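Lettering of chains follows the sequences in order, A, B, ..., and the numbering in each one begins at 1. Predicted, not measured: the structure shown is a model, and the values here were computed from it.
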Protein chains: 2
Amino acid sequence: MESPKKLQDIKVAVDAVIFGYFDKKDLQILLIKRNIEPFKGGWALPGGLVLDDESVDDAVKRELYEEAGIRPDFLEQLYTFGNPGRDPRNRVVSVAYLGLVNPSYHELFADSDAEDAQWFSINKLPSLAFDHKIIIETALKRLRTKIQYQPIGFNLLNEEFPFSDLENLYKTIVGQEIDRRNFRKKIMSYGLLNETNNVKKEGSGRPGKLFTFNKEKYKELEEQGFYFEIK
Amino acid sequence: MESPKKLQDIKVAVDAVIFGYFDKKDLQILLIKRNIEPFKGGWALPGGLVLDDESVDDAVKRELYEEAGIRPDFLEQLYTFGNPGRDPRNRVVSVAYLGLVNPSYHELFADSDAEDAQWFSINKLPSLAFDHKIIIETALKRLRTKIQYQPIGFNLLNEEFPFSDLENLYKTIVGQEIDRRNFRKKIMSYGLLNETNNVKKEGSGRPGKLFTFNKEKYKELEEQGFYFEIK
DNA sequence: TCAAAAGTGTTGTGCGTACACCCATGA
DNA sequence: TCATGGGTGTACGCACAACACTTTTGA
């Protein structure tokens with residue numbers, strides 16, 4: 001390992017695919033508008049070069065906060081993209097992350113490197129800088145798989161939420177109908193939800209009870225090697 | 001992404017955790033003995049710096065071939081380790097890979113960067129350079145999880161193998177007893193094995209039929225979204 | 001004929017799936 | 001009273017788990 005035969009000229013960057021979910025809408029992805037070259041004026045994933053004295057994990061968190069004012073509720077490494085030619089200027093190896101936030105708790109803003117930060121529906125993405133399209137596809141695939149056996153989806157919901165929000169979220173992410181009764185039975189059987197005494201007020205129809213996610217219970221189940229299959 | 005505020009001084013490396021399985025033995029990992037500083041004389045994972053004009057995937061393959069004469073049957077990206085302080089000299093971000101080989105088809109040799117290349121039982125590992133212990137633990141965890149739902153284990157076996165080899169392999173990797181009858185029924189029900197007319201000659205006891213792995217069938221099942229649960 | 005490993009079936013049960021109607025609320 | 005969304009039970013079938021004896025071979 002690391003025999004410096006000749007000088008290496010590769011930069012290390014991070015990129016983040018941040019998913020957000022707005023009630024009753026498509027799944028959204030956070031993009032920033034670049035105001036520097038290359039791809040100036042184009043949309044791209046938030047990210048940037050890793051600093052010499054920070055860990056890769058810290059780099060993503062810093063960039064997300066700097067570029068969009070966001071601190072994700074869930075963030076994990078996705079994959080490292082390192083082909084030559086990804087970036088038209090230098091060779092850049094980028095460590096991509098997958099993150100989830102509840103957009104209603106995060107107001108977007110843009111800093112100096114980015115003119116603008118915005119949510120885009122995954123079904124209406126603009127054309128993207130670098131190989132960011134491929135990164136997003138990878139992230140979506142991972143999210144769809146992962147949400148079926150780990151209840152990470154709760155990170156996308158409000159602190160208190162009606163059961164139907166969870167239902168819609170799953171429908172949105174996996175992109176297919178689910179059986180409401182069976183889904184509810186399954187989730188409930190794990191004891192992952194705490195019932196509150198509150199009910200949803202907005203909207204028409206019968207108000208739904210609000211629930212909170214039981215993190216302690218989840219950790220307990222997770223340690224026992226817990227498999228959470230949907231549908 | 002990639003705003004060069006100041007000059008970054010980070011190197012990009014690859015490291016590989018290569019598992020090998022010898023009939024009736026523990027699971028093994030390939031290590032090389034370093035003959036350059038730092039950790040000269042110590043054991044480490046095969047790997048090295050990525051060249052400017054090669055992809056990260058190509059870099060691992062090259063290093064594995066150079067350092068140990070091995071071309072793995074299965075190789076996938078594992079995780080990227082990038083904390084400052086991993087390497088005592090420079091900041092190095094390392095993209096780790098997980099690979100499988102059948103050791104009986106690969107003769108090890110050592111090149112100039114490495115005095116020696118050897119298989120070590122995962123239960124008797126020497127002390128290791130850098131953070132390679134953590135990388136190995138990550139790889140083991142992934143292998144144990146992955147082998148339960150993707151039939152990657154076949155890469156560790158001979159072209160033709162008796163059913164008992166597969167049984168032992170699974171027992172070795174997941175580290176627990178499995179029900180022979182149920183395991184066989186399950187594997188057979190997927191039609192992943194082709195029966196040959198040969199039988200195992202060596203050893204005592206009743207000779208076992210030899211099988212080959214049906215790759216075409218596997219690909220077919222994989223496309224249908226196939227889940228392969230053991231035990 | 002003994003030791004060693006290969007090969008093989010049945011039964012119970014728990015879990016996932018399919019499926020449709022009533023309830024509470026606001027307009 | 002109507003429209004809207006929330007809340008709930010049952011029956012069936014299948015797939016998994018538990019379990020032990022017979023067969024083949026070489027020594």
Side-chain angles (χ1 to χ4, degrees), chain A residues 22-25 147-149 151 157-158 160-172 174 176-212 221 224-231, chain B residues 22-25 147-149 151 157-158 160-172 174 176-212 221 224-231:
Chain A
F22 297 86
D23 193 22
K24 306 278 140 125
K25 286 211 252 176
I147 203 172
Q148 309 227 7
Y149 63 90
L157 299 177
N158 290 333
E160 297 198 338
F161 54 89
F163 200 88
S164 54
D165 273 17
L166 190 59
E167 244 178 79
N168 285 320
L169 173 65
Y170 271 81
K171 271 197 284 193
T172 306
V174 304
Q176 60 181 15
E177 287 305 304
I178 54 180
D179 184 295
R180 285 173 55 223
R181 278 175 291 194
N182 292 339
F183 181 71
R184 186 164 181 141
K185 242 182 300 175
K186 175 148 234 161
I187 299 285
M188 288 311 187
S189 72
Y190 287 118
L192 285 169
L193 296 190
N194 294 329
E195 204 169 310
T196 70
N197 293 319
N198 308 330
V199 291
K200 187 176 87 169
K201 300 255 158 52
E202 327 110 48
S204 63
R206 174 174 174 176
K209 282 181 218 151
L210 296 179
F211 296 87
T212 58
L221 288 169
Q224 294 164 26
F226 152 77
Y227 191 80
F228 180 87
E229 203 179 359
I230 302 300
K231 167 91 204 176
Chain B
F22 296 86
D23 193 22
K24 304 278 140 130
K25 286 212 253 175
I147 203 173
Q148 308 228 7
Y149 64 91
L157 299 176
N158 289 333
E160 296 196 339
F161 55 89
F163 199 87
S164 54
D165 273 16
L166 190 58
E167 245 177 78
N168 285 321
L169 173 65
Y170 270 80
K171 271 197 282 193
T172 307
V174 303
Q176 60 181 16
E177 287 305 303
I178 55 181
D179 184 295
R180 286 174 53 222
R181 278 172 292 193
N182 291 341
F183 180 72
R184 187 163 179 141
K185 242 181 299 175
K186 175 146 231 159
I187 299 285
M188 288 310 189
S189 73
Y190 287 117
L192 285 169
L193 296 190
N194 293 330
E195 203 169 313
T196 70
N197 293 320
N198 309 329
V199 291
K200 187 176 86 171
K201 298 255 159 50
E202 328 110 48
S204 63
R206 174 174 175 176
K209 283 182 215 149
L210 296 178
F211 296 88
T212 59
L221 288 169
Q224 294 164 27
F226 152 76
Y227 191 80
F228 179 85
E229 203 178 358
I230 300 301
K231 167 91 203 175

Q.
Please find the pair of heavy atoms, one from Leu193(B) and one from Met188(B), that lie closest to each other, and give the distance.
A. CD1-CE, 4.2 Å

Q: Can you see which heavy atom on Asn158(B) is nearest to which on Phe161(B), and at what distance?
A: O-CD2, 3.3 Å

Q. Between dA5(C) and Ser164(B), is there an OP1 or OP2 to side-chain N/O distance shorter than 4.0 Å?
A. no

(Q) Quick check on DNA chain D: between Gly208(A) and Lys185(A), whose nearest nucleotide comes earlier from the 5' end? (A) Gly208(A)

Q) In whole Å, what is the span from the NZ atom of Lys186(B) to the P atom of dA17(D)? A) 6 Å

Would you list the atom pairs, donor with acceptor, under 3.5 Å between side chains in residues 202-212 of chain A and any protein atom, with sequence neighbours excluded?
none

Q) Which nucleotides of nucleotides 22-27 of chain D have their base under 4.0 Å from a protein heavy atom (B), which only their sugar-phosphate (S), and which neither (-), written as one string 5' to 3'? A) -BBB--

(Q) I'd like to check the salt bridge (Lys or Arg N to Asp or Glu O under 4.0 Å) partners of Lys185(A); sequence neighbours left out, ordered by chain and number. (A) none

Q.
Output the rounded distance in Å from CZ (Arg180(A)) to P (dC21(C)).
A. 14 Å

Q) Say you draw a straight line from CG of Leu192(B) to CG of Leu221(B); how long is it, rounded to the nearest 0.5 Å? A) 5.5 Å

Q) What integer distance in Å separates Asp179(A):CG from dC15(C):P? A) 18 Å

Q: Could you tell me whether the side chain of Phe163(B) reaches within less than 4.5 Å of the side chain of Ile187(B), counting heavy atoms only?
A: yes

Q) Over how many whole Å does the gap from Leu193(A) atom CG to dG7(D) atom C1' extend? A) 15 Å

Q. Nearest to the side chain of Lys200(B), which nucleotide is it out of dA6(C), dA20(C), dG9(C)?
A. dA6(C)

(Q) Without decimals, in angstroms, what is the distance between Asn182(A) CG and dC12(D) C1'? (A) 13 Å

Q: Measure the spacing between CG of Asn182(A) and CZ of Arg180(A) and express it to the nearest 0.5 Å.
A: 11.5 Å

**Q.** Under-4.0 Å side-chain N/O to phosphate OP1/OP2 contact, Arg184(A) with dG7(D)
**A.** yes

(Q) Would the base of dA18(D) count as contacting Arg181(B) through its side chain, where contact means a donor and an acceptor less than 3.5 Å apart? (A) no

Q: Whole angstrom is fine here: how far is it from CZ in Phe183(B) over to C1' in dC19(D)?
A: 18 Å

Q.
Tell me the interatomic distance from Ile187(A), atom CD1, to dG7(D), atom P, rounded to whole angstroms.
A. 14 Å

Q: Check the distance between dG7(D)'s P and Leu210(A)'s CG and give it to me in whole angstrom.
A: 9 Å

